[in-house]
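Read through the structure below, which is laid out as structure tokens, and then see the notes.
Every chain is numbered from 1 and lettered A, B, ... according to where its sequence line falls, protein lines coming before strand lines.
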There are 2 protein chains.
Amino acid sequence: MSANKKGGEWMELDDRKLKILQAIIKTYLDTGEPVGSRTISKYTDLNLSSATIRNEMSDLEEMGYIIQPHTSAGRIPSDKGYRLYVDTLMESKEQEVTDMRNDLIEKADRLENLLQQVAKLLAMNTNYTSMVTKPRYNSYVVKFLQLSEIEQDKLLLVIVLNDNVVKNRIINCDISMDNEVVLKLNIVLNTFLQGLGIEAINIGLIQQLKDQVGEYSDIVSTILDEIARAIKEEGEPEIYTSGATNILKYPELSDKEKASELLYTFEEKKLLKELITDKFSDEENRGIQVYIGNETPIESMKDCSLVTATYELKEGVYGKVGIIGPKRMDYEKVVKTLQNLMTQLDDIFKNKEE
Amino acid sequence: MSANKKGGEWMELDDRKLKILQAIIKTYLDTGEPVGSRTISKYTDLNLSSATIRNEMSDLEEMGYIIQPHTSAGRIPSDKGYRLYVDTLMESKEQEVTDMRNDLIEKADRLENLLQQVAKLLAMNTNYTSMVTKPRYNSYVVKFLQLSEIEQDKLLLVIVLNDNVVKNRIINCDISMDNEVVLKLNIVLNTFLQGLGIEAINIGLIQQLKDQVGEYSDIVSTILDEIARAIKEEGEPEIYTSGATNILKYPELSDKEKASELLYTFEEKKLLKELITDKFSDEENRGIQVYIGNETPIESMKDCSLVTATYELKEGVYGKVGIIGPKRMDYEKVVKTLQNLMTQLDDIFKNKEE
DNA sequence: TGTTAGCACTCATTTTGGAAGAGTGCTAAT
DNA sequence: ATTAGCACTCTTCCAAAATGAGTGCTAACA
């Protein structure tokens with residue numbers, strides 16, 4: 001028994017076992033079929049007979065790194081096996097990395113488009129499913145408000161939140177207002193509300209504000225409502241996905257039952273949003289994370305793996321991107337692609353700043 | 001041979017044949033399995049032996065209304081058969097119609113949300129896939145522009161198009177501008193551009209405008225660009241879909257090949273957009289339309305039917321909704337649901353107007 | 001003591017050959 | 001014109017047999 005609990009359990013494995021395990025997983029990632037002792041005996045550089053391999057495999061199975069789907073089938077990696085592989089065995093093979101920057105900058109002028117593009121590129125590059133979250137602050141704050149009359153009894157309310165998030169609302173009002181009133185309202189609203197977040201807009205403040213505007217308190221009421229709603233709306237998580245149909249390419253996921261559940265998860269997005277808000281909001285999970293099988297908290301993904309990364313839009317504003325594929329996904333490639341994407345996104349966002 | 005070419009070809013069918021065909025299609029809609037002569041002989045009120053039915057079926061097949069998947073299987077309707085059924089044989093059975101209004105009004109405050117909701121409700125109610133297009137004018141026109149300084153060298157440009165479509169752009173400018181300049185720019189922009197569409201913003205006008213603003217012509221240039229882009233963007237078709245995974249519920253569509261293609265079509269949406277802009281933009285197709293099998297111009301939908309309807313957002317602004325399902329979809333229900341939805345949407349939009 | 005060849009055994013998959021069943025087309029009788 | 005009857009054609013279902021991949025174990029070997 002090894003002495004260390006965390007990060008070193010695999011000390012129980014000698015070098016040869018590690019190599020064999022690695023060979024098994026690699027082969028399985030390729031083929032998706034249970035791999036037998038004979039295959040490995042030919043595959044590896046350590047010249048061993050299939051019989052020896054069998055013995056080792058038997059051990060590895062006992063230790064929980066591989067699984068036999070049924071007697072007299074080859075072995076497939078268990079979640080524990082994958083975990084070990086991802087943590088220590090994976091060797092970054094060099095591979096050309098697609099430069100996505102050009103594709104990206106060109107098409108997208110708005111953040112939403114950009115993120116959707118990112119998702120699409122990821123899906124196309126990896127042949128898995130991708131998801132990208134829209135970054136959001138923990139708390140939004142009113143930066144600037146502007147009211148303008150655009151029709152007889154219709155006001156346009158422009159709400160600018162921090163980070164220059166802009167929201168528009170059309171407000172119907174019964175009383176017609178002349179220019180002066182609108183001007184006054186603008187001043188009052190801005191002096192009262194600038195810099196405030198949703199929690200600061202409370203009854204006391206509302207009353208104060210209403211006192212200032214006299215007969216227009218109804219409209220102010222509506223406006224405040226809309227502001228609150230806009231802030232709340234912007235605080236909602238938003239997710240873009242792409243390549244959902246890619247999962248149909250992997251036989252182990254594409255039987256009706258599983259595929260249906262998975263596709264529904266991607267279409268509905270509700271679960272994905274929960275996933276984001278729950279588990280992945282921890283400040284710690286910054287780098288690239290791999291969740292294997294049941295490590296993902298979504299039931300329908302129990303046969304999938306999820307690789308996530310965090311990008312930084314600006315100082316303190318983070319979003320996530322994720323790749324979902326079969327457990328036997330090409331972890332190397334996915335991790336590489338994500339790393340690559342992160343630096344490219346950094347570039348883009350930095351440049352936009354200027 | 002019948003004398004009339006269009007809409008009356010089925011005159012070649014006598015009453016009994018019609019009844020039999022109707023019975024075949026109805027049964028097939030129910031079961032999804034080829035239907036045999038014996039079934040019909042029991043099913044119909046016209047007491048005929050299976051042998052007689054067989055003869056009639058043989059005729060119907062020769063005429064192209066039904067198909068035999070293989071010798072000694074029952075018959076299934078051909079596209080031509082479905083067409084006849086939808087055009088003339090379908091009898092509107094009474095059924096409770098869900099009142100979707102409440103669900104709708106409650107949740108949606110913005111048009112996009114509303115349309116997405118509509119799509120979702122349709123999909124849930126019918127168990128098929130639904131799509132809803134965002135309505136759009138043929139040509140947008142600038143109604144109102146507003147520039148405000150929200151940061152040292154960042155301007156917020158609010159663009160209001162007709163029908164109160166609002167767009168925002170953030171514009172970076174090198175020169176810092178005082179309040180007065182912004183005010184002046186606002187006036188100039190509005191006087192020059194109000195009421196103009198994209199085609200009216202030509203070189204001549206641009207030059208005129210630039211002359212007015214002197215040193216700020218660079219910024220004006222950017223602004224005009226952004227306006228043009230905004231108008232163009234708003235003119236792009238937009239489609240919301242829901243219930244794509246529903247197609248997996250129908251065995252005849254859910255084999256990997258077909259399902260994959262279909263789901264991709266729904267995810268990608270590009271083809272759907274083309275479909276909308278091409279075929280369905282004709283002013284004629286106002287009412288409820290049914291496209292069967294190859295009548296839909298999308299290859300992947302050749303085993304599907306598509307039922308579309310047009311809703312009116314306001315005078316002259318139309319959008320489409322569509323239901324996509326297997327050819328043996330429950331046409332009655334779908335048509336009823338759509339009719340119902342149309343009136344409910346009318347209600348909602350009328351009320352919003354006030 | 002670790003490695004290997006050999007062999008019996010297991011179990012999933014594929015193949016095969018009916019047998020059953022559904023449905024037709026045709027013919028002859030009504 | 002309708003129908004009963006029958007031979008015929010297919011698909012589908014099922015079970016038995018063949019195949020084959022892969023294992024575990026044992027005995028021999030270095």
Side-chain angles (χ1 to χ4, degrees), chain A residues 12-21 23-28 30-78 81 251-252 254-255 328, chain B residues 12-21 23-28 30-78 81 251-252 255:
Chain A
E12 61 184 331
L13 293 172
D14 59 31
D15 198 50
R16 196 171 71 176
K17 279 199 174 54
L18 279 177
K19 273 198 175 139
I20 290 173
L21 180 57
I24 293 172
I25 297 183
K26 269 189 179 171
T27 321
Y28 183 70
D30 251 23
T31 64
E33 311 243 293
V35 10
S37 54
R38 188 118 189 297
T39 317
I40 297 303
S41 114
K42 280 185 296 186
Y43 180 96
T44 38
D45 37 349
L46 12 84
N47 283 3
L48 292 173
S49 77
S50 64
T52 314
I53 305 285
R54 274 202 291 284
N55 290 329
E56 297 289 40
M57 278 171 130
S58 181
D59 292 354
L60 283 170
E61 178 162 23
E62 208 178 323
M63 297 185 225
Y65 290 103
I66 51 180
I67 289 170
Q68 212 173 7
H70 50 85
T71 345
S72 83
R75 310 299 217 283
I76 64 177
S78 69
E252 66 267 49
S254 70
D255 68 288
R328 66 174 176 98
Chain B
E12 59 183 333
L13 293 172
D14 59 30
D15 199 51
R16 196 170 73 178
K17 279 199 174 56
L18 278 178
K19 273 197 175 139
I20 290 173
L21 180 57
I24 293 172
I25 297 182
K26 269 189 178 171
T27 320
Y28 183 69
D30 252 21
T31 63
E33 312 243 292
V35 9
S37 55
R38 187 116 193 297
T39 317
I40 298 302
S41 115
K42 281 186 294 185
Y43 181 95
T44 38
D45 37 349
L46 16 82
N47 284 3
L48 291 173
S49 77
S50 64
T52 314
I53 305 286
R54 275 204 291 285
N55 291 329
E56 296 287 40
M57 279 171 130
S58 181
D59 292 354
L60 282 171
E61 179 162 22
E62 208 177 325
M63 296 186 226
Y65 291 103
I66 51 181
I67 289 169
Q68 211 172 7
H70 55 255
T71 346
S72 83
R75 310 299 216 285
I76 64 176
S78 69
E252 67 265 49
D255 69 287

Between CD of B/Gln68 and P of C/dG23 the distance, given in whole Å, is 11 Å
Taken to the nearest 0.5 Å, the spacing of A/Glu33 CD from A/Thr27 OG1 works out to 12.0 Å
Rounded to whole Å, the CD1-P distance (B/Ile24 to C/dG23) equals 12 Å
Item to complete: Under 4.0 Å between any heavy atoms, over every strand shown, what does B/Ser37 touch: base, sugar-phosphate, or nothing? Just pick one.
Response: sugar-phosphate
**Study point:** D/dG5 base / B/Arg54 side chain donor-acceptor hit below 3.5 Å
**Key:** yes
When rounded to whole Å, the CG to C1' distance for the pair B/Leu48 and D/dT3 reads 10 Å
Rounded to whole Å, the CG-P distance (B/Asn55 to C/dT24) equals 11 Å
| query | Reckon B/Thr52 has a side-chain N or O less than 4.0 Å from the OP1 or OP2 of D/dT3? | reply | yes
### Query
With a non-hydrogen cut-off below 4.0 angstrom, is A/Ala51 in contact with a base, only sugar-phosphate, or nothing?
base
Separation of C/dA22 atom C1' from B/Ile40 atom CD1, nearest Å, is 15 Å
Exactly one candidate in B/Arg54, B/Lys42, B/Arg75 meets side-chain contact (heavy atoms from CB on, under 4.5 Å) with B/Ser37; the answer is B/Arg54
#### Entry: Any N/O donor-acceptor pair, A/Ser72 side-chain to C/dT10 base, under 3.5 Å
yes
Assign each of B/His70 and B/Glu56 the nucleotide of DNA chain D bearing its closest heavy atom; nearer the 5' end lies the nucleotide of B/Glu56
Rounded to whole Å, the CD-C1' distance (B/Glu33 to C/dG21) equals 14 Å
ask   = What's the verdict on side-chain contact (heavy atoms from CB on, under 4.5 Å) for A/Thr52 and A/Arg16, showing C-alpha distance, side-chain angles and the deciding distance?
value = CA-CA 11 Å; A/Thr52 314; A/Arg16 196 171 71 176; 3.8 Å; yes
query: Are any of the side-chain heavy atoms of A/Leu48 and A/Ser41 separated by less than 4.5 Å?
result: no
**Study point:** Candidate pair B/Glu56 and B/Ile40, rule side-chain contact (heavy atoms from CB on, under 4.5 Å), full reasoning
**Key:** CA-CA 11 Å; B/Glu56 296 287 40; B/Ile40 298 302; over 6 Å; no
Whole-Å distance, A/Asn47 CG to D/dA30 P, equals 18 Å
note: A/Met57, atom CE; C/dT3, atom P; distance rounded to Å ~ 16 Å
Check the phosphate of D/dT23 against A/Thr71, side-chain N and O only, distance under 4.0 Å to OP1 or OP2. Yes or no? no
Checking C/dG25, D/dT23, C/dC11 against the side chain of A/Arg75 (C-beta onward), the nearest is D/dT23
Counting only side-chain nitrogens and oxygens, does B/Arg38 get under 4.0 Å of the OP1 or OP2 atom of D/dT3?
no
